[in-house]
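Notes for the one structure printed next.
It should be emphasised that the depicted structure is a prediction, and the values quoted were computed from it without experimental measurement.
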Amino acid sequence: MSELPDSRPEAAEIQRTGILFSGIQPSGNIHIGNYCGAIRNWVRLLDDYHCIFSIVDYHAITAPYDPSIMQARIRQATLANIAAGLDPERCLIFVQSQVPEHTELTWIFNTLTPMGLLGRMTQFKEKSRRSEENINVGLYDYPVLQAADVLLYRAEAVPVGEDQVQHIEFTRDLARKFNLRFEPYFPEPQALVPSSGARILGLDGKSKMSKSLDNYIGLLEEPEAIWEKLRPAVTDEKRIRRSDPGEPGDCNIYTIHQCFSPPEVQEWVVDGCRSAGIGCIDCKRKLHEHMMNVLDPIRERAKELERKPEVVDEALARGARECRVRAAATMEDVRRITGLR
Ligand code: SF4
């Protein structure tokens, strides 16, 4: 497992072969937790790797969903990610189901995967606890499809959050197993995990930021709407009166500052909070100001992309075209290696 952005030596090593793969959930409502935890790291990696991003609709349908809005979700996720910095001139973005080799490689990997191993995956156990009525085979097989996503492009780097590290370990094991069973072919990809900053929580300061819990700030929300959400957001709960000193390490607002505000502002927060020199509203106003420095240009780009839908269409068409060629080449090798052709 590598860390970002402080893992330059390991990253440089991978750079020589240089393919990075990451999946993007087709969510119609990308929030600042997604931006701070994933997208801004991907943007930093565009110069270091040949980056491939897949809108993972096959993964998304393992949870209950409305087919009539799936295409809108795919489009909105693509648009928001391009607006946030995934420049389609510098990377490939495509829709997973437009490259059928993902499921073909999954089937071959299924034959190398012990059932018990999938049943023990932490994310499967958590998801099946949450969706008791829909524990489908797709949910169970999710890590195998994820391994196929990565290895189909013979990617060597996969930027992930802590919760996905187990799946990348699984992918490495699967690559090793394939190479031992047949012949050396797949690289063992590295998980690139952001090293800096705690994970942003929802505005309740307790749970993960998510649309379903209604505790989120959307990446493309208007400044006034963001302030209306930020103003009552939970802070360090021990700081009851303005005169009470607080602890930024126990406050989600400070975690968000770490994503959006420059170091000198973060220092101002730490000093002011611990000495009770600033109030929480002062702190949030300053945060809002710095959030807007980052989010205003993203929102403007998103509006421009809405006016020019051909940019998203062309990005997805080019991504699918190029990924089909790469995927077909891998599958031709895999069929030969496994004796299927
Ligand atoms: S001053 Fe800022 S960091 Fe401190 S408790 Fe208030 S909002 Fe949180």
(request) Kindly say whether the aromatic ring centers of H288 and F260 come within a distance under 6.0 Å. (result) no

Any Lys/Arg nitrogen of [X] or [Y] sitting under 4.0 Å from an Asp/Glu carboxylate oxygen of the other?
X    : Y    : answer
E228 : R231 : yes
E304 : K308 : yes
E188 : R176 : yes

(request) Is it possible for you to check whether R336 lies under 6.0 Å from the centre of the six-membered ring of F182, through NZ or CZ, and within 45° of that ring's axis? (result) no

(request) May I ask you to decide if the ring planes of F178 and F186 are parallel, tilted or perpendicular, using 30° and 60° as cut-offs? (result) perpendicular

Side-chain contact, heavy-atom cut-off 4.5 Å: [X] with [Y]?
X    : Y    : result
L340 : I108 : yes
I226 : L295 : yes
R181 : T338 : no
N81  : I93  : no
V158 : T171 : no

Could you state whether [X] and [Y] fall into the same hydrophobic cluster, counting links through intermediate Ile, Leu, Val, Met, Phe, Trp or Tyr residues with side-chain heavy atoms under 4.5 angstrom apart?
X    : Y    : answer
L86  : V294 : yes
I61  : Y142 : no
F109 : V56  : no

Side chains of residues 213-221: which donor-acceptor pairs under 3.5 Å do they make with residues two or more places apart or in other chains?
residue	atom	partner	partner atom	Å
N215	OD1	S210	N	2.8
N215	ND2	D204	OD2	3.4
N215	ND2	K208	O	3.1
Y216	OH	N29	ND2	3.2
E221	OE1	K229	NZ	3.3
E221	OE2	G218	N	2.6
E221	OE2	K229	NZ	2.8

(request) Might you work through the side-chain contact (heavy atoms from CB on, under 4.5 Å) test for H257 and C283, ending with a clear yes or no? (result) CA-CA 9 Å; H257 264 294; C283 184; 3.6 Å; yes

(request) Could you walk me through whether R154 and I19 pass side-chain contact (heavy atoms from CB on, under 4.5 Å), step by step? (result) CA-CA 7 Å; R154 305 178 73 189; I19 294 179; 5.6 Å; no

(request) Just jot down the salt bridge (charged side-chain N to carboxylate O under 4.0 Å, His left out) partners of K206, sequence neighbours excluded, or say none. (result) E237

Looking at every heavy atom in both [X] and [Y], which two are closest together, and how far apart are they?
X    : Y    : value
K125 : G119 : CG-O, 3.6 Å
T106 : A148 : OG1-CB, 3.4 Å
I32  : I200 : O-CD1, 4.4 Å

(message) If I take atom CD from residue Q123 and atom CG from residue L139, how far apart are they, to the nearest 0.5 angstrom?
(response) 8.5 Å

(message) Determine whether C273 and Y254 satisfy the following criterion, side-chain contact (heavy atoms from CB on, under 4.5 Å), listing intermediate values before the conclusion.
(response) CA-CA 10 Å; C273 180; Y254 178 63; over 6 Å; no

(message) Pair R324, V99 - check side-chain contact (heavy atoms from CB on, under 4.5 Å), show working.
(response) CA-CA 6 Å; R324 273 189 215 118; V99 182; 4.1 Å; yes

